[in-house]
Enquirer: 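First the structure, which I've put down as C-alpha cells, then a few questions once you've had a look.
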Amino acid sequence: MKVSVAGVSTEIEQGSDGFGLFTDKTVVALRVNGELRDLAHKPQDGDVIEAVHISSPDGLNILRHSAAHVLAQAVQNINPEAKLGIGPPVTDGFYYDFDVETPFTPEDLRALEKQMQRIVQSGQRFVRRSTTDEAARQELANEPYKLELIGLKGGDVGDGAAEVGAGELTIYDNIDPASGSTQWKDLCRGPHLPNTRMIGQAFSLTRVAAAYWRGNEKNKQLQRIYGTAWPSKDELKAYQERMAEAAKRDHRKLGQELDLFSFPEEIGSGLAVFHPKGGVMRKVMEDYSRQRHEESGYEFVYSPHITKSNLFEASGHLQWYADGMFPPMRLDEEIDEDGVVRKQGQDYYLKPMNCPFHILIFKSQSRSYRDLPLRLFEFGSVYRYEKSGTLHGLTRVRGMTQDDAHLFVTPDTMESELTNVLNFVLGLLRDYGLDDFYLELSTKEDGNPKFVGDDSIWQTATATLEKVALQSGLELVPDPGGAAFYGPKISVQARDAIGRTWQMSTIQLDFNLPQRFDLEYTAPDGTRQRPIMIHRALFGSVERFFGVLTEHYAGHFPPWLAPVQVVGVPVANEFGDYLDEIAAKLRKRGVRSTVDHSDDRMQKKILNHTKAKVPFMLIAGGQDRDSNAVSFRFRDGSQENGVPVEKAIERILEAIESKTQV
RNA sequence: GCCCUGAUAGCUCAGUGGUAGAGCACUUCCAUGGUAAGGAAGGGGUCGCGAGUUCAAUCCUCGCUCGGGGCUCCA
C-alpha cells in the first residue's frame with residue numbers, strides 16, 4: 001500500500017508499523033494524518049505520516065507524559081492505596097496528582113526517583129489497548145477519579161484531555177519484556193514512548209504541591225508531584241542551571257541583598273517599605289515617568305486614599321469586587337444603650353482603583369469637545385485585599401502605586417489617541433530597558449452576560465484596538481474572552497533578559513463607567529455626547545515594575561537607575577580627600593556618588609562594591625593624584641588607569657544621561 | 001481562601017526537653033595598603049507571638065502572625 005512518509009510517497013507492506021518506517025532512535029512517535037500515534041501504530045493505505053522526534057515539542061510532551069506514568073507506577077508500587085488523578089506534560093516537565101492519606105515529603109521524592117529509575121531500567125513496554133466505557137469502568141473500579149473522567153469523555157475535561165480524548169477510550173499497559181506480564185496500567189489516550197527505557201536518566205522530581213481536583217476550589221485537594229524530564233542529561237543540566245539563574249535574579253532575594261525594600265511583619269502581608277536605596281531608584285523611575293507624561297500632554301492630578309462607599313457603589317466596584325477590597329471603616333455611627341442605631345454611620349473604603357476619582361475631576365465642570373482628549377495622570381496608591389496565598393514579593397501586593405491615567409476621548413479621536421498611548425507606552429518601556437514585546441488583545445466572549453455595553457460599540461472598539469495593535473508591527477496574540485467586563489484591552493507583554501514574559505502595561509477601553517457616572521461633553525453641534533474612557537497603566541504598579549526590572553537586570557541596574565552610581569576607593573587613606581573632591585564635583589552634577597572611607601583594605605572595598613553592583617568605581621592612589629586623574633573600575637572587572645578627572649566625569653554623565661547599560 | 005512547609009543575632013545558617021552557637025555585618029584598636037575577604041578584642045538573641053503539656057519548653061501540642069512552594073483568584 002502507498003503512504004506518504006515525511007512528504008515522500010512510499011510503498012509499505014500491509015501491517016507494518018512505525019518501527020519499520022523510522023530506524024532513527026530519536027523518533028519516538030508518529031503523526032498520522034495530523035494525529036499523534038505510537039510507533040507501534042499500523043498505518044493504513046493513503047496515510048500521511050510524519051516522524052515525531054524526541055526533541056520536538058510533541059516529542060518532549062510524549063517523553064514527559066511517559067515519565068508521568070512511570071511516576072504514578074512508582075507511587076502505587078510504594079503505596080498501593082494511592083488513587084490516581086491526572087498526569088499531563090507541562091512546560092519543562094510533568095506532574096501527576098494523587099489522592100493519598102498523608103502528603104508526600106521531599107524524602108518521598110528521592111525514594112520515588114529511585115523507584116522510577118528501576119522502572120525505567122526494566123524497559124517495560126507501553127502498550128495501547130482499546131476498551132469500552134463499560135469495560136473500563138470495571139477495570140478501574142478502584143480509581144474513582146478515572147471513573148469520573150470516563151464519564152466526561154469528549155466533554156469538558158480540561159487538563160484531563162491527556163487521559164481521555166474525544167475518540168475511543170484507551171488504556172496503556174506497562175508490560176514487563178521478560179515475563180510479558182502487565183506491571184501497571186492507566187487510562188490514557190497516549191501516545192507514549194515505545195518503552196520506559198527510552199525515558200533515560202535525565203529526569204528529576206522537583207516539588208510537591210496540592211492542587212484541586214480538576215482545578216476547582218470546591219473539589220478535594222489532591223497531592224501533586226512535579227517533575228522535569230529531558231532527552232539528555234546535558235539538557236536536564238541546562239534546565240537546572242536556568243532555574244538556578246532565575247533564583248539568583250529573584251527580586252525578593254536581591255531586594256534583601258541590595259537593601260532595596262522589605263516587608264516588615266509588623267506592617268502586614270503584602271505591604272512593602274522601600275529603603276533609601278530602593279527609594280532613590282523608585283524616585284528616579286517616577287521622576288522620569290512624570291517628565292515623559294508631561295511632555296506627552298498628560299495633566300497631573302491627586303486623589304485621596306479613602307472615600308465614602310457611594311463612589312464605589314456608583315462605579316460598581318462594591319458590587320463586583322467587594323471581596324477584593326479591604327473592609328470598610330464605619331464612621332460617625334451612634335448607637336444607644338439598647339443597640340439601636342441613633343445616627344446613621346458612613347462607610348469609608350480604601351480605594352482599590354483610581355478611576356472614579358478621575359471621573360469626578362472630569363465632572364467637576366461641564367466639558368466641551370474642545371477639552372478632549374483630557375488626559376489625567378496620577379501615581380495613585382491603591383489597596384486590594386488579595387488572597388493571602390496569592391501574594392508574591394513586589395509582584396503581587398496588597399498596597400501598591402499605579403502609574404494610572406484615564407483619557408476621556410470623543411469617538412473620532414479614539415483611534416489616534418489609542419495609537420499615541422500604545423507608542424508612548426512602548427517608548428517608555430524601552431527607555432527602562434525592556435525591548436522585546438508582544439501584544440495581547442483581550443476580547444469579549446459572545447453570549448457571556450458579564451460583559452456590559454452594546455455589541456456595536458464592542459465591535460468598533462475591538463476593531464480599533466486590533467488596528468492600532470497591528471500598526472505597531474508587534475506580534476499580536478488573541479485572548480478571546482479575556483476582556484474586562486467593561487471593555488476590551490491590549491496588554492503589553494515584555495520578555496526579560498532570560499526570556500521570561502511579564503505582563504506589563506494594559507490599555508483598556510471602558511464603555512461602562514462613562515455611562516454609570518453619566519459623563520457628557522458638548523459636541524460641536526451643541527448636543528450632549530458621552531465620552532469614551534481609556535484606562536492605562538504603564539508600569540502596572542510601580543512596585544511590580546520595580547520587581548520586574550530587578551529580575552531583568554539581575555540587580556545590575558544601568559547607571560541612571562543604580563542607587564549608588566559611583567564609589568570612590570582610595571588606595572590608601574591619604575587619598576580619600578582627593579576622591580572626596582571628585583565625588584563632590586559629581587554630586588554637584590547630580591551623580592549619586594560616595595567615597596569609601598572605611599578601614600577595610602582596598603581589595604575588600606572592591607569586593608563590597610562589586611557585590612553591591614555599583615556601576616563605576618573610581619580608584620585613586622599617588623599616581624592618579626599626581627596627574628589629576630582617576631582609575632576606572634567597571635562592573636566586568638576591567639580597568640582603565642590614568643583617566644583625567646574631567647574626562648571621567650564626562651564619561652559617567654554620558655552613561656547616565658543616555659540611560660545605557662554598562 | 002485551601003493544601004504542604006518554614007520562622008534561632010542585622011544577614012546566611014548550625015544546634016538542644018535542663019533558657020544557645022558559627023561565618024559575615026556592627027563597635028574599638030592595630031595595620032596605610034594598586035584591583036574580589038589583613039589582624040585582634042568586644043557588643044548583640046524573651047530562639048516570631050500567645051496558650052497548653054511538663055519539675056523544666058527555643059525544642060512537644062494547639063491557635064495566631066509572617067515567609068516559601070503549589071492550587072484557585074487577579075477590576
Enquirer: So what is the 5' to 3' dot-bracket string for RNA chain B, if pairs are Watson-Crick or G-U wobble with both distances under 3.5 Å, crossing pairs use [ ] and | means the partner sits on another strand?
Expert: (((((((..((((....[..)))).(((((.......))))).....(((((..]....))))))))))))....
Enquirer: Quick one: closest heavy-atom pair of A/Asp624 and A/Gly642, and the distance?
Expert: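 Looks like OD1-N, 3.9 Å.
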Enquirer: Rounded to whole angstrom units, what separation is found between the CG atom of A/Leu222 and the C1' atom of B/U72?
Expert: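 Checked: the CG to C1' distance equals 14 Å.
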Enquirer: With rounding to whole Å, what would you report as the distance between B/G50 and B/A9 at their C1' atoms?
Expert: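 Going atom to atom, C1' in each nucleotide, I get 23 Å.
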Enquirer: Mark yes or no for whether A/Ser505, through its side chain, and A/Leu538, through its backbone, hold a donor-acceptor pair below 3.5 Å.
Expert: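 It does hold such a pair.
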Enquirer: If we take the P atom in both B/A75 and B/C3, what is their distance in whole Å?
Expert: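 To the nearest whole Å, 25 Å.
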Enquirer: Round to a whole Å and report the spacing from CD1 of A/Ile359 to P of B/A75.
Expert: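 In whole Å, B/A75 P and A/Ile359 CD1 are 17 Å from each other.
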Enquirer: Is a donor on one side and an acceptor on the other found under 3.5 Å between the side chain of A/Lys146 and the backbone of A/Gly85?
Expert: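 Judged by distance alone, yes, a pair lies under 3.5 Å.
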Enquirer: Would you measure the distance from the C1' atom in B/C66 across to the matching atom in B/C74 and give it in whole Å?
Expert: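 After rounding to an integer number of Å, I get 22 Å for this pair.
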Enquirer: I need the single residue from A/Lys248, A/Lys253, A/Arg252 that forms a side-chain hydrogen bond (donor to acceptor under 3.5 Å, both in side chains) with A/Asp250. Which is it?
Expert: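 That would be A/Arg252.
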Enquirer: Whether A/Lys351 engages the ring of A/Phe357 as a cation-pi pair (distance to the six-membered ring centre under 6.0 angstrom, angle to the ring normal within 45°) should be assessed.
Expert: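 Yes.
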Enquirer: Given atom NZ of A/Lys253 and atom C1' of B/U12, what is their separation to the nearest angstrom?
Expert: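 The answer, rounded to whole Å, is 11 Å.
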Enquirer: So how far is it from A/Asp479 CG to A/Ile490 CD1, rounded to the nearest 0.5 Å?
Expert: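 Taking CG in A/Asp479 and CD1 in A/Ile490, the distance rounds to 12.0 Å.
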Enquirer: Pick the C1' atom in B/G42 and in B/U46, then give their distance to the nearest Å.
Expert: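 B/G42 and B/U46 have their C1' atoms separated by 23 Å.
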Enquirer: Determine the contact category for A/Phe104: base if any of its heavy atoms lies under 4.0 Å from a base atom, sugar-phosphate if only primed atoms, P, OP1 or OP2 are that close, otherwise nothing.
Expert: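 Here A/Phe104 touches no strand at all.
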Enquirer: Classify every nucleotide of nucleotides 61-71 of chain B by which part a protein heavy atom approaches to under 4.0 Å, writing B for the base, S for the sugar-phosphate alone and - for neither, in 5'-to-3' order.
Expert: ----BSSSBBB
Enquirer: Once you round it to whole Å, what is the distance between P of B/C4 and CG of A/Leu109?
Expert: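 Whole-Å distance recorded here is 16 Å.
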Enquirer: To the nearest Å, how far apart are A/Lys605 NZ and B/G38 P?
Expert: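 One finds 11 Å between P of B/G38 and NZ of A/Lys605, rounded.
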Enquirer: Sticking with atom P, work out how far B/A41 lies from B/A22, rounded to a whole angstrom.
Expert: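 To the nearest whole Å, 12 Å.
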Enquirer: Is there a donor-acceptor pair closer than 3.5 Å between any side-chain N or O of A/Glu143 and the backbone N or O of A/Leu84?
Expert: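 Yes; at least one donor-acceptor contact below 3.5 Å.
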Enquirer: Starting at atom CD of A/Glu257, determine the distance to atom P of B/A25, rounded to an integer number of angstrom.
Expert: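 Taking CD of A/Glu257 and P of B/A25, I get 15 Å after rounding.
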Enquirer: Rounding to an integer number of Å, can you tell me how far A/Tyr385 OH sits from B/C73 P?
Expert: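 Rounding to the nearest Å, OH of A/Tyr385 and P of B/C73 are 19 Å apart.
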Enquirer: When you check every protein heavy atom under 4.0 Å of nucleotides 32-37 of chain B, what one-letter string (B, S, -) results, 5' to 3'?
Expert: BBBBBB
Enquirer: Rounded to whole angstrom, note down the P distance from B/A14 over to B/U19.
Expert: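 These two P atoms come out 22 Å apart once rounded.
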Enquirer: To the nearest 0.5 Å, tell me how far A/Tyr348 OH sits from A/Thr307 OG1.
Expert: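 A/Tyr348 atom OH to A/Thr307 atom OG1 measures 8.0 Å (nearest 0.5 Å).
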Enquirer: Run through A/Lys220, A/Arg224, A/Lys83 and flag the one making a salt bridge (charged side-chain N to carboxylate O under 4.0 Å, His left out) with A/Asp99.
Expert: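 Exactly one option meets the salt bridge (charged side-chain N to carboxylate O under 4.0 Å, His left out) with A/Asp99, and it is A/Lys220.
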Enquirer: Regarding A/Arg398 and the six-membered ring of A/Tyr385, is the cationic atom NZ or CZ under 6.0 Å from the ring centre and inside 45° of its axis?
Expert: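 Checked: cation-pi criterion met.
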Enquirer: Is it the case that over 12 heavy atoms from other parts of the model lie below 6.0 angstrom from the NZ atom of A/Lys613?
Expert: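 Buried by this count: over 12 neighbours within 6.0 Å.
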Enquirer: Between B/A56 and B/C24, how far apart are the P atoms? Round to whole Å, please.
Expert: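 Approximately 40 Å lies between the P atom of B/C24 and that of B/A56.
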Enquirer: Mapping A/Gln256 and A/Gln223 onto RNA chain B by nearest heavy atom, which one lands closer to the 5' end?
Expert: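 Result: A/Gln223.
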Enquirer: Please measure how far the C1' atom in B/G68 lies from the corresponding atom in B/C30, and state the result in whole Å.
Expert: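 Their C1' atoms lie roughly 44 Å apart.
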Enquirer: Would you find a donor on one side and an acceptor on the other, under 3.5 Å apart, between the side chain of A/Asp403 and the backbone of A/Phe539?
Expert: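 Yes; at least one donor-acceptor contact below 3.5 Å.
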Enquirer: Inspect the surroundings of NZ in A/Lys647 and state if more than 12 heavy atoms from other residues, nucleotides or ligands are less than 6.0 Å away.
Expert: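 No - once you tally the heavy atoms of other residues, nucleotides and ligands closer than 6.0 Å, there are 12 at most.
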Enquirer: Using atom CG of A/Asp108 as one end and atom C1' of B/C3 as the other, report the distance to the nearest whole Å.
Expert: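 Interatomic distance, CG of A/Asp108 to C1' of B/C3: 16 Å.
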